[in-house]
Amino acid sequence: MNPPVTERLHQLRRSLDGAQLIFVGFVLLLVGGGAAAVLRQQPALLLPGLLVVGGAVALVEWRWLYYLLFFLLPFTEEISLFGGLSMDVPSEPLMLVLTACVGLALLLRTARLPAREWLHPLVLILALMLLWTATDAAFSVNKIKSIKYLLAKAWYITPFLLGTLLIVQRPREAWRFAAVYATGACLSVLYVAARHAGKGFSFEAINWAIQPFFHNHVIYATMLALLIPFGWLAMRAARTAGVRLAWQVGLGILLFGLLTSYTRASILSLPIAGLFYLVMRWHLTRLMLVTVALGTALGVGYVASGDNYMEFAPNYERTVFNGQNFEKHLTATYKLQDVSGMERVYRWVAAARMIADKPLVGSGAATFYPEYKRYTIKSFRTYVSDNREKSTTHNYFLLQLAEQGIPGFLLFVLLVATALLRAETLYHRARQRPEVQRVVLAAVLAFVIIVFHLTLNELVEVDKVGPVFFICLALLIRAETWLAAGPENEPASALPPNTQPPR
């Protein structure tokens with residue numbers, strides 16, 4: 001007599017392990033959904049099965065999403081949401097998925113980080129920054145914006161700091177994200193160049209040529225500039241002539257895009273990074289930081305005393321944008337007649353007055369616009385002061401002071417100073433490990449390029465720049481682990497053997 005159906009099912013259940021049962025479940029879900037879609041003639045019925053399978057693949061092989069994100073970053077667009085909020089698509093949804101994947105991997109212990117990295121000074125400073133932002137949100141003039149900012153910080157730090165530490169296990173793996181990002185960036189340069197060429201590569205047409213993927217030419221140029229150190233050092237680290245040639249071509253495209261972006265700060269950031277390399281090589285980073293701090297303090301003290309700041313008030317009629325002539329644009333810059341430069345002064349004066357009003361807690365994260373308008377002085381107004389872009393201070397350090405008060409500012413300065421000092425130490429410790437030294441050098445030079453831009457813009461929360469800011473920190477943290485372990489004791493991986501990224 002044949003055994004009953006229930007007994008056969010129990011026998012089948014006992015013959016399968018957990019992984020096989022999950023696979024069978026996925027197959028049944030897909031087959032069931034497919035059958036329902038065919039019978040009902042509704043293809044949408046396949047979506048639940050595809051979403052479940054896609055989610056499972058993302059959890060197991062989430063590093064593919066990591067690399068996909070960097071390939072797509074140059075092509076993201078900003079869309080408006082409710083309540084004046086916005087989202088970059090597809091980058092921010094992918095960041096959210098990656099945040100969940102990395103968080104689950106760490107919580108379920110399918111991936112681990114060494115204790116020394118959890119307790120690294122850079123990680124601890126970032127944790128303190130998040131803690132202060134959360135505390136400061138209670139005093140914000142717009143708590144919803146401040147909480148959204150806090151969440152955005154989490155989905156930047158989790159995938160790009162912690163996720164990078166999980167993925168990059170050996171020095172040669174540091175170049176993979178750079179290769180993927182540089183590929184996407186080069187394609188974006190070709191797209192922009194094709195549009196720009198139709199306008200004769202004119203200065204006034206660059207902001208039109210970069211649409212719809214870049215909010216302005218500064219973001220476009222910053223993305224290209226920060227990739228150049230990675231490209232240069234990856235080329236030096238290349239083991240084959242083909243890879244070396246590919247990086248040479250890529251660097252040529254990146255430099256072409258940078259020069260035709262006509263972005264002063266981004267072009268200047270390359271020699272600034274070169275100067276820092278000499279500072280670091282000669283063990284002068286501490287002296288440089290002290291000099292910058294004293295110079296900034298003296299400059300601010302002079303401008304803030306009495307009415308000295310009024311000396312910088314622009315002439316409204318003569319402060320213009322020389323959009324048709326880049327040479328006149330440069331001349332107007334040092335004559336203090338360039339509208340973009342003098343609009344910065346307008347915002348900086350307003351920020352200074354905001355700081356004086358709330359020095360400890362500021363106005364709250366992500367609230368500078370439109371809060372600053374209550375603190376402006378008409379004498380500094382320019383014809384673009386209506387601020388249709390809803391941009392902020394054009395100085396990230398000043399923004400931290402205005403929005404998160406003295407504690408937020410000091411924590412950010414401490415983060416930057418610690419990163420630069422650690423990088424100098426690591427660079428010299430890695431003399432006998434050139435593969436590690438190249439990673440340290442690429443990370444710190446890209447970091448310097450970003451920090452230089454932060455003196456004139458606010459880019460840490462911009463999706464095309466912010467991820468690399470945290471990746472640079474992650475690479476410095478991981479380089480310290482490599483040097484502490486020695487070449488023969490490098491960790492094989494923080495991930496299970498069957499979940500390694502593609503080679």
Side-chain angles (χ1 to χ4, degrees), residues 63 66-67 70 111-114 116-117 120 122 160-183 226-251 254 273-274 276-283 285 419-450 467-495 497 500-503:
R63 66 220 32 85
Y66 179 91
Y67 292 115
F70 278 104
R112 298 184 182 184
L113 293 177
R116 64 177 294 126
E117 292 183 349
H120 193 280
L122 292 175
F160 302 119
L161 184 84
L162 302 180
T164 300
L165 288 172
L166 293 177
I167 289 176
V168 179
Q169 296 298 311
R170 299 177 182 86
R172 65 176 179 271
E173 295 171 355
W175 311 117
R176 289 179 184 164
F177 104 87
V180 174
Y181 196 11
T183 300
L226 66 83
L227 280 170
I228 288 173
F230 280 103
W232 177 259
L233 274 302
M235 181 185 70
R236 299 283 299 274
R239 298 180 178 182
T240 64
V243 173
R244 194 174 299 112
L245 177 62
W247 276 115
Q248 289 171 348
V249 173
L251 278 171
L254 294 175
F276 179 77
Y277 166 70
L278 296 177
V279 167
M280 183 173 64
R281 188 170 181 176
W282 294 337
H283 298 274
T285 302
L420 296 179
L421 291 170
R422 289 272 173 162
E424 180 185 88
T425 301
L426 292 169
Y427 175 79
H428 290 284
R429 282 179 58 192
R431 286 177 183 173
Q432 305 304 317
R433 300 280 305 279
E435 73 282 6
V436 176
Q437 193 177 55
R438 291 190 192 101
V439 173
V440 170
L441 192 55
V444 73
L445 293 183
F447 186 78
V448 167
I449 286 172
I450 295 172
V468 183
F469 180 87
F470 293 106
I471 285 176
C472 291
L473 298 178
L475 292 177
L476 294 178
I477 294 168
R478 180 45 52 86
E480 199 161 330
T481 300
W482 289 330
L483 293 175
E488 68 282 356
N489 296 317
E490 281 182 8
S493 176
L495 302 165
Q500 288 302 294
R503 296 189 181 278

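Nothing here was measured: the structure is a model prediction, and the numbers come from that model.
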Any side-chain to backbone donor/acceptor pair from His120 onto Ala474? Under 3.5 Å, distance only.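 Flag not set: sc His120 to bb Ala474 has no pair under 3.5 Å.
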Taking it one step at a time, do Phe230 and Leu475 satisfy side-chain contact (heavy atoms from CB on, under 4.5 Å)? CA-CA 12 Å; Phe230 280 103; Leu475 292 177; 3.9 Å; yes
Residue pair [X] / [Y]: nearest heavy atoms and the distance that separates them:
{"X": "Trp175", "Y": "Leu233", "answer": "CH2-CB, 3.6 Å"}
{"X": "Arg244", "Y": "Arg239", "answer": "NH2-C, 4.3 Å"}
{"X": "Leu426", "Y": "Glu480", "answer": "CD2-CA, 3.7 Å"}
{"X": "Leu227", "Y": "Ala178", "answer": "CD2-O, 4.3 Å"}
{"X": "Leu226", "Y": "Ala446", "answer": "O-CB, 3.6 Å"}
{"X": "Trp482", "Y": "Arg433", "answer": "O-NH1, 3.5 Å"}

Between [atom1] of [X] and [atom2] of [Y], what distance do you get to the nearest 0.5 Å?
{"X": "Ile477", "Y": "Leu122", "atom1": "CD1", "atom2": "CG", "value": "5.0 Å"}
{"X": "Cys472", "Y": "Ile449", "atom1": "SG", "atom2": "CD1", "value": "9.0 Å"}
{"X": "Met280", "Y": "Leu421", "atom1": "CE", "atom2": "CG", "value": "11.5 Å"}
{"X": "Leu166", "Y": "Leu161", "atom1": "CG", "atom2": "CG", "value": "10.0 Å"}
{"X": "Leu251", "Y": "Ile228", "atom1": "CG", "atom2": "CD1", "value": "7.0 Å"}

Could you please spell out the steps behind the side-chain contact (heavy atoms from CB on, under 4.5 Å) verdict for Phe276 and Leu420? CA-CA 10 Å; Phe276 179 77; Leu420 296 179; 3.9 Å; yes
Quick check on Arg236: does its CZ atom have over 12 non-hydrogen neighbours (other residues, nucleotides or ligands) under 6.0 Å away?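 Atom CZ in Arg236 is not packed in, count stays at 12 or less.
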May I have the step-by-step check of side-chain contact (heavy atoms from CB on, under 4.5 Å) for Phe177 and Thr164, ending in yes or no? CA-CA 9 Å; Phe177 104 87; Thr164 300; over 6 Å; no
Report the relative orientation of the aromatic rings in Phe70 and Phe160; use parallel for angles under 30°, tilted for 30 to 60°, perpendicular for over 60°.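 Phe70 and Phe160: perpendicular rings.
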I'd like to know if Arg478 and Glu117 make a salt bridge, using a cut-off of under 4.0 Å between side-chain N and carboxylate O.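 Salt bridge: yes.
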Are Arg281 and Tyr277 linked by a side-chain donor-acceptor pair shorter than 3.5 Å?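 Tyr277 and Arg281 do have a side-chain donor-acceptor pair below 3.5 Å.
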Under the side-chain contact (heavy atoms from CB on, under 4.5 Å) criterion, do Arg172 and Glu435 qualify, and how do the steps go? CA-CA 7 Å; Arg172 65 176 179 271; Glu435 73 282 6; over 6 Å; no
